[in-house]
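The figures that follow rest on heavy atoms only: side chains count, while hydrogens, waters and symmetry mates do not.
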Amino acid sequence: MIKSFFKIIIFVIFVSTLYIMRDDILSFIQSKQVEIIKSEYNQKTKEQVSSDGTLLDLKKVVDTPGALRSTSFFNLSKNAYLTDSGIIAETNNERVKGNLSILKENPKLSLSAQKKVEDMFAKQYFEHVSPSGVGVSDLGQSVGYEYIIIGENLALGNFKDDKSVLQAWMNSPGHRANIMNGNYTEIGVYAAKGMFEGKDTWLAVQHFGTPQNLCPRIDTLLKSTIQADQLKLKSIQADLARKLINVNANTIVDGKTHDELVTEYNLLVNKYNMLVAKSKTNINTYNKQVRAFNTCVESKQ
């Protein structure tokens with residue numbers, strides 16, 4: 001009986017001790033739970049963010065030999081006359097002689113060539129890059145010409161006709177290389193007479209191009225989605241940092257208990273990691289497209 005009495009006493013004391021210490025025990029369990037959450041969050045975000053990769057850049061080629069200025073360009077003949085269609089025809093005549101395919105006129109390239117001529121007259125310069133830093137690739141983009149390769153030939157001077165300006169370009173190795181580049185498929189030309197450095201003269205521009213659709217398609221919408229998701233990830237990272245401070249404070253915040261703050265934090269961690277996984281998959285898909293595109297570009301150089 002005495003042994004049974006002592007057992008009952010010991011049990012009552014044990015239960016009473018547990019009851020008295022219940023808050024400390026629950027606090028200990030909760031603190032360990034938060035530590036585990038913190039550990040998982042830190043490990044997962046560090047691993048996934050560092051391995052999600054970066055977007056690859058598309059390769060594009062721009063060919064711009066030195067601008068061709070005639071030594072006699074101030075002595076403009078009254079009979080001098082250049083035409084866009086005639087320069088294109090003379091260009092294709094030279095390509096046929098070299099057993100190359102003829103170039104198809106593209107209205108967008110003709111428009112970009114026109115913008116170049118007008119800009120050179122307006123700003124009085126004769127270079128492939130304008131004083132404001134605009135080059136042929138910028139002009140191509142401004143008219144909506146999506147290209148793999150784009151090139152430009154410039155000519156200024158006293159050229160009697162279309163054949164003479166084309167011959168001047170053919171006599172220049174760099175300009176000839178553009179005209180005889182077998183990778184080009186399209187052309188645009190614009191020639192006009194105007195005042196340059198106080199004299200009446202001609203400016204002619206050839207824009208060569210190979211359209212982007214000749215290489216594997218790039219999903220530009222996917223790239224936009226990736227960029228939008230990356231901004232969301234940065235925002236969630238900041239939000240997680242704020243919530244983690246509240247969790248560690250172990251106090252009621254905005255009327256939410258500690259358990260509610262932990263739950264809220266965990267839900268956001270899951271949302272973050274799911275978005276990281278989605279972004280990583282999309283980046284891998286997009287980069288695969290870019291690699292195929294860049295391989296195609298390299299084959300056409």
Side-chain angles (χ1 to χ4, degrees), residues 61-121 125-130 135-137 139-140 143 145 147-197 199-211 300-301:
V61 182
V62 179
D63 288 327
T64 52
L68 180 67
R69 182 191 291 243
S70 171
T71 56
S72 59
F73 82 94
F74 284 138
N75 301 318
L76 182 64
S77 169
K78 292 181 179 180
N79 296 323
Y81 194 78
L82 303 180
T83 66
D84 307 340
S85 59
I87 292 174
I88 292 175
E90 292 296 337
T91 299
N92 280 327
N93 286 340
E94 294 296 335
R95 287 177 65 87
V96 169
K97 292 177 187 178
N99 295 319
L100 297 172
S101 60
I102 63 172
L103 300 175
K104 179 183 177 181
E105 183 176 5
N106 184 296
K108 291 181 178 179
L109 286 176
S110 295
L111 179 57
S112 64
Q114 178 181 346
K115 292 178 74 170
K116 180 64 175 180
V117 169
E118 292 174 348
D119 192 56
M120 287 192 292
F121 273 131
Y125 72 95
F126 185 58
E127 301 289 343
H128 288 290
V129 179
S130 75
V136 63
S137 59
L139 291 169
V143 298
Y145 186 73
Y147 66 89
I148 299 169
I149 312 172
I150 195 167
E152 179 180 75
N153 280 351
L154 306 178
L156 178 154
N158 178 28
F159 301 103
K160 186 177 72 170
D161 52 25
D162 302 324
K163 189 175 183 66
S164 64
V165 70
L166 206 288
Q167 191 57 53
W169 274 325
M170 289 296 289
N171 291 337
S172 167
H175 298 86
R176 177 188 176 89
N178 260 347
I179 292 169
M180 303 301 286
N181 188 334
N183 293 318
Y184 287 132
T185 61
E186 298 179 336
I187 189 173
V189 170
Y190 190 76
K193 185 172 68 171
M195 296 299 294
F196 188 85
E197 296 180 356
K199 300 290 183 179
D200 206 20
T201 190
W202 283 89
L203 277 174
V205 173
Q206 288 177 308
H207 278 176
F208 306 92
T210 303
K300 295 183 180 301
Q301 292 182 40

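- Remark: aromatic rings of Trp202 and Phe196 are distant, center separation not under 6.0 Å.
- Here the closest heavy-atom approach between residue Val117 and residue Ala192 is recorded as CG1-CB, 4.0 Å.
- Inspection of the Glu186 and Tyr145 side chains reveals an N or O donor paired with an N or O acceptor under 3.5 Å.
- Side chains of Thr83 and Asp162: a donor on one and an acceptor on the other come within 3.5 Å.
- Residues Leu154 and His128 have side chains in contact (heavy-atom distance under 4.5 Å, counting atoms from C-beta outward).
- Side-chain atoms of Leu166 and Asn93, non-hydrogen and from C-beta on, never get closer than 4.5 Å to each other.
- No hydrogens or angles considered: a donor-acceptor pair under 3.5 Å links the side chains of Glu105 and Ser110.
- Phe208 places none of its side-chain heavy atoms less than 4.5 Å from the side chain of Ile149.
- Evaluated for a side chain to side chain contact (heavy atoms under 4.5 Å, CB included) with Gln206, the options Asn178, Leu109, Thr91, Asp84 yield exactly one hit, Thr91.
- Lys97 NZ to Met180 CE: the interatomic distance, rounded to the nearest 0.5 Å, is 9.5 Å.
- In terms of heavy atoms, Glu127 sits closest to Lys116 at O-NZ, 2.8 Å.
- Considering Val205, Asn153, Leu82, Ile88 in turn, Ile88 is the only one that fulfils the side chain to side chain contact (heavy atoms under 4.5 Å, CB included) rule with Val189.
- Atom CD1 of Ile179 sits about 10.5 Å away from atom CD of Glu90, to the nearest 0.5 Å.
- Without hydrogens or angle criteria, Asn92 side chain to Leu103 main chain gives a donor-acceptor distance under 3.5 Å.
- Ala155 and Val165 get closest at one heavy-atom pair: CB-CG2, 3.7 Å.
- Looking at every heavy atom in both residues, Val143 comes nearest to Lys108 through CG2-O, 3.4 Å.
- Taking NZ of Lys199 as the start and CG of Leu156 as the end, the distance is 13.5 Å to the nearest 0.5 Å.
- Atom OH of Tyr147 and atom OG of Ser137 lie 4.0 Å apart (nearest 0.5 Å).
- Taken to the nearest 0.5 Å, the CZ atom of Phe121 stands 9.5 Å off from the CE atom of Met195.
- When every heavy atom of Leu100 is checked against every heavy atom of Gly182, the shortest pair comes out as CD2-CA, 4.0 Å.
- Here the closest non-hydrogen pair linking Tyr190 and Glu118 is OH-OE2, 4.3 Å.
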